[in-house]
Amino acid sequence: MRIVLFIALLAIALWAAPCGSIALFQFTFIDSALAAEISNGSKIFNANCSSCHIGGGNILISEKTLKKEALSKYLEDYDADSIQAIIYQVQNGKNAMPAFKNKLSEQEIIEVAAYIFQKAELGWQDS
């Protein structure tokens, strides 16, 4: 439910931006539960993903990073539904990336996907 709220707020922010303008968004968490979800996502990422994707990079295939441009290029439907595209990749893996659907719970996958999305939007600053 929280992820739906996050996506809805993001859609409203994007819709409200003036046409033709470049908007820079700074996400402010309205609900402490959503902030906790991102914090949990960070912990899950550090425990399961950072060995290959530290700082949003990729130690195995250098061009397939977790940066927004690479996610848009390499994840199917990323531009249409970013969070769902990340969730699908985490669940199912591909090539060198293992599937995590049997290792992480559905909630943990949602939390790490929200974390990856947020970090990609911010350019993996402070990572």
Side-chain angles (χ1 to χ4, degrees):
M1 182 63 183
R2 289 176 275 169
I3 197 71
V4 173
L5 176 61
F6 176 75
I7 293 169
L9 291 173
L10 180 61
I12 291 168
L14 292 172
W15 177 77
C19 292
S21 70
I22 297 175
L24 298 175
F25 296 99
Q26 181 174 1
F27 294 101
T28 304
F29 295 106
I30 297 168
D31 184 347
S32 61
L34 185 56
E37 186 170 288
I38 297 298
S39 176
N40 289 340
S42 173
K43 291 175 188 170
I44 296 163
F45 182 87
N46 289 333
N48 295 279
C49 313
S50 64
S51 60
C52 291
H53 292 291
I54 191 159
N58 186 327
I59 65 166
L60 298 174
I61 306 170
S62 61
E63 67 274 7
K64 292 189 176 182
T65 68
L66 299 180
K67 297 192 166 77
K68 185 176 180 176
E69 299 78 24
L71 292 172
S72 179
K73 183 176 182 179
Y74 294 109
L75 291 187
E76 187 174 332
D77 296 329
Y78 183 82
D79 294 325
D81 191 349
S82 303
I83 298 284
Q84 189 56 47
I86 297 168
I87 288 170
Y88 182 85
Q89 182 72 20
V90 173
Q91 287 175 328
N92 300 293
K94 188 174 181 181
N95 300 324
M97 181 176 165
F100 284 88
K101 63 184 168 192
N102 293 325
K103 183 175 182 183
L104 299 175
S105 71
E106 184 177 331
Q107 183 62 35
E108 288 172 322
I109 291 172
I110 291 169
E111 290 171 355
V112 79
Y115 172 77
I116 292 167
F117 174 77
Q118 181 189 43
K119 295 299 279 185
E121 288 294 310
L122 297 173
W124 287 89
Q125 297 170 6
D126 301 324
S127 295

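Just the heavy atoms: all of them, side chains too, but no hydrogens, waters or symmetry mates, feed the values below.
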Below 3.5 Å, can you tabulate the donor-acceptor pairs from side chains in residues 44-57 to any protein atom, sequence neighbours excluded?
| unit_1 | atom_1 | unit_2 | atom_2 | d |
| --- | --- | --- | --- | --- |
| N46 | ND2 | S42 | O | 3.2 |
| N48 | OD1 | K103 | NZ | 3.2 |
| N48 | ND2 | I44 | O | 3.0 |
| S50 | OG | N46 | O | 2.8 |
| H53 | ND1 | G57 | O | 2.8 |

Item checked: Reported CG-to-CG distance for the pair D81 and L75, which is rounded to 0.5 angstrom -> 11.5 Å
Margin query: For the CG atom of L104 and the CD1 atom of I109, what is their distance to the nearest 0.5 Å?
Written below: 5.5 Å
Item checked: Distance, nearest 0.5 Å, that separates CG of N40 from CD1 of I110 -> 12.5 Å
Notebook entry, point to check: How far apart are the closest heavy atoms of V112 and G41, and which atoms are they?
Noted result: CG2-O, 3.8 Å
Next item on the list: Kindly compute the distance separating CD1 (I116) from CD1 (I83), expressed to the nearest 0.5 Å.
Entry: 9.0 Å
Next item on the list: List in chain and number order the residues that pass side chain to side chain contact (heavy atoms under 4.5 Å, CB included) with K101, two or more places apart in sequence or in another chain; answer none if no residue qualifies.
Entry: Q91, N92
Next item on the list: Sort and list the pairs that fulfil salt bridge (charged side-chain N to carboxylate O under 4.0 Å, His left out) and have at least one residue in residues 55-69, not counting sequence neighbours.
Entry: K68-E121
Next item on the list: Measure across L71 and T65 and return the closest heavy-atom pair with its distance rounded to 0.1 Å.
Entry: CD2-O, 4.0 Å
Margin query: As an exercise, state the distance from CD of E111 to OG of S105, rounded to the nearest 0.5 Å.
Written below: 7.0 Å
Check: Listed by chain and number, what are the side-chain hydrogen bond (donor to acceptor under 3.5 Å, both in side chains) partners of Q89, not counting sequence neighbours?
Finding: none
Next item on the list: Give the other cluster members for I59, using side-chain heavy-atom distances under 4.5 Å between Ile, Leu, Val, Met, Phe, Trp and Tyr residues; answer none if it is isolated.
Entry: L60, I61
Notebook entry, point to check: Under the ring pair (Phe, Tyr, Trp, His ring centres under 6.0 Å) rule, what pairs show up with a residue in residues 69-114, not counting sequence neighbours?
Noted result: none
